[in-house]
Number of protein chains: 2
Amino acid sequence: MSTVDKAISLLDLFSIHAPELGLAEIARRSGFDKATTRRLLLSLARHGFVEQDPSTRHYRLGAGLTRLARIREARFPILQTALPFIRELSVATSETVHLAEAVNGSLLTVLVEHPARANRVNVDVGEYLPLHSTASGIAYLSHAREEEVKEALGRPLAAYTSRTLTEPAAVLREIEAARVRGYSVMDQGYEDGVVSVAAAILGSGGSAIGTLAVAAPLVRTSKAAAAERGRAVAAAAREISERLSGEDFNVLKSRASA
Amino acid sequence: MSTVDKAISLLDLFSIHAPELGLAEIARRSGFDKATTRRLLLSLARHGFVEQDPSTRHYRLGAGLTRLARIREARFPILQTALPFIRELSVATSETVHLAEAVNGSLLTVLVEHPARANRVNVDVGEYLPLHSTASGIAYLSHAREEEVKEALGRPLAAYTSRTLTEPAAVLREIEAARVRGYSVMDQGYEDGVVSVAAAILGSGGSAIGTLAVAAPLVRTSKAAAAERGRAVAAAAREISERLSGEDFNVLKSRASA
DNA sequence: AAATAAAGGTTCAAATAATGAACCTCCGGA
DNA sequence: TCCGGAGGTTCATTATTTGAACCTTTATTT
């Protein structure tokens, strides 16, 4: 593990639920020596990736990240493009809508819109989504390069619930079904009592660069409701893909095989 | 310079104007060896801080940054809080409005709203603002800790235009005037033909954590127009400060001296 | 179609930077 | 006042980083 990896892995300790951490805690969680941890934090702080609260001396993520994220957004405006659609979907379905981006063959939740109701599915920004057991993952794989699919299904597939598909062949059938249908459906594959639908957002190369998903409690999800959400999410994903690339969705899809 | 610093400094090579760079170019600009540069980029890519375009092989900033930036935003919602005010100010003034955050005693532009007119001031997201020669910088220093002011004015002050104040005493007078007035005014101190007004956003500790500014061409900036923008920007900054900390602005201000 | 140039990528002995046990100080309970 | 735990620092030991030289691919020129 390189020093750089160690430094960045410290950033991964921060989350929505643990936004501020002390030196001792960071050292404990990372497993690095206190001196090492501090030196890494100082490097990160020098670039605004973390900042230290002057009174508590705890560390938190810094504004330098915001700066870089916005530079990325300026060229790759996934968030801005998707935001109105996410809002609209959330209002139309009254369910949780979330956007994930592909990073290194993983899916990363970058934006979540929760409906204003008590019984809803909660998804956290910053969460990684397993590819084989979430609607988002299946939608992603249905438009990923062949070798990415192989790699994702090549390793042991964790069973999150009793319904999680852990057989590569079964997952492949879901992927194929999603490709034909235009959206994926995951019935309690990641969490009991949660049914999600998702569709892939395609980049100019024709393969998936992210996914859009609607997650709802089982009790509100009839077959018909799932199908309706599926169509809505697919339509939104198509529109987002076209706005991002400036090209027709069918042209994008055809490019993947080339 | 630690390895971590080197890796992060690579990220700083990317900007709005150079969002994608090849390996050779990154090596050239950073001054690191090609092999070193590549190893660092691989580490960054492993965490989604950069990604490589499969076709051009060029590197660009990655979605992992977005993830961390959003985790920060969840705890420190400066952007979300400020966004509506920035929009409103931009519409009301028909001029460029920008938000900067304090990072390591520097000011970093994190959000810009440009008006829809031909002759306007352009500010780039990701730009660092000098403290002694911009309205934002003066506004920031007018609510910074004494030692920060000393450090900012202790080094040689660059003259960006013939009107830039390069005498610490003169800058201090501006800082004092801004503190009394509630906003700062910078008449062509950073760029000829540009007049800006700015106000500080205060954190719960009572000192400035960022600034809000309106930048306009000289030709549209009468004394009266500047004063009006100044009052507007000060009112917005006050409101943003109160929403962020949940405390009264005067209470916040008084806390600084404590 | 051969030649050239420039980019991306890889290797391994030499050089340099990272490591962590031990130490210090400060703070809030008991 | 003593204690435990926090943040922070030091420096000989240790492990990682470095870069010149090399290969491969791709685009451009002759």
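Each chain gets a letter, A, B and so on, in the order its sequence line appears, and its residues count up from 1.
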**Study point:** More than 12 heavy atoms from other groups under 6.0 Å of CD on A:Glu25
**Key:**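 For A:Glu25, atom CD is crowded (more than 12 foreign heavy atoms under 6.0 Å).
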Review point. Does a sphere of radius 6.0 Å around CZ in B:Arg60 hold more than 12 heavy atoms from other residues, nucleotides or ligands, not counting ones at 6.0 Å or beyond?
Key: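 More than 12 within 6.0 Å, yes.
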Under 3.5 Å, is there a donor-acceptor pair between the side chain of [X] and the main chain of [Y]?
X        : Y        : value
A:Asn104 : B:Arg46  : yes
A:Arg70  : B:Gly126 : no
B:Ser184 : B:Ala135 : yes
A:His58  : A:Pro19  : no

Review point. When the distance from CD of B:Gln52 to C1' of C:dG8 is rounded to whole Å, what number comes out?
Key: 9 Å
Review point. Atom CZ of B:Arg57 and atom P of D:dT24: how far apart are they, to the nearest Å?
Key: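 So the CZ-P distance, B:Arg57 to D:dT24, works out to 14 Å.
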Point to revise | Proximity to DNA chain D (any heavy atom under 4.0 Å), residues of residues 18-30 of chain A only | key: A:Gly22, A:Leu23, A:Ala24, A:Arg28
Check your understanding: Are the charged groups of B:Arg29 and B:Asp12 less than 4.0 angstrom apart, N to O?
Key ->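 Salt bridge between B:Arg29 and B:Asp12, a charged N being under 4.0 Å from a carboxylate O: no.
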Review point. Salt bridge between A:Glu167 and A:Arg173, side-chain N to carboxylate O under 4.0 Å?
Key: no
Practice item. Mind grabbing the angle between the end helix axes of the helix from C:dA1-D:dT30 to C:dA30-D:dT1? Five pairs an end, 10° rounding. Key: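 Axis-to-axis angle, ends of the helix: 40°.
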Practice item. Give the B/S/- string for nucleotides 13-30 of chain C, one per nucleotide from 5' to 3', where a protein heavy atom under 4.0 Å of the base yields B, of only the sugar-phosphate yields S, and otherwise -. Key: ----SSBBB---------
Check your understanding: Can a donor-acceptor pair be found between the side chains of A:Ser43 and B:Ser2 at a distance below 3.5 Å?
Key ->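 Short answer, yes.
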Review point. Would one find a side-chain N or O of A:Tyr59 under 4.0 angstrom from OP1 or OP2 of D:dA6?
Key: no
Revision key, fill the gap. Taken to the nearest 0.5 Å, the spacing of B:His47 NE2 from A:Ser9 OG works out to 6.5 Å
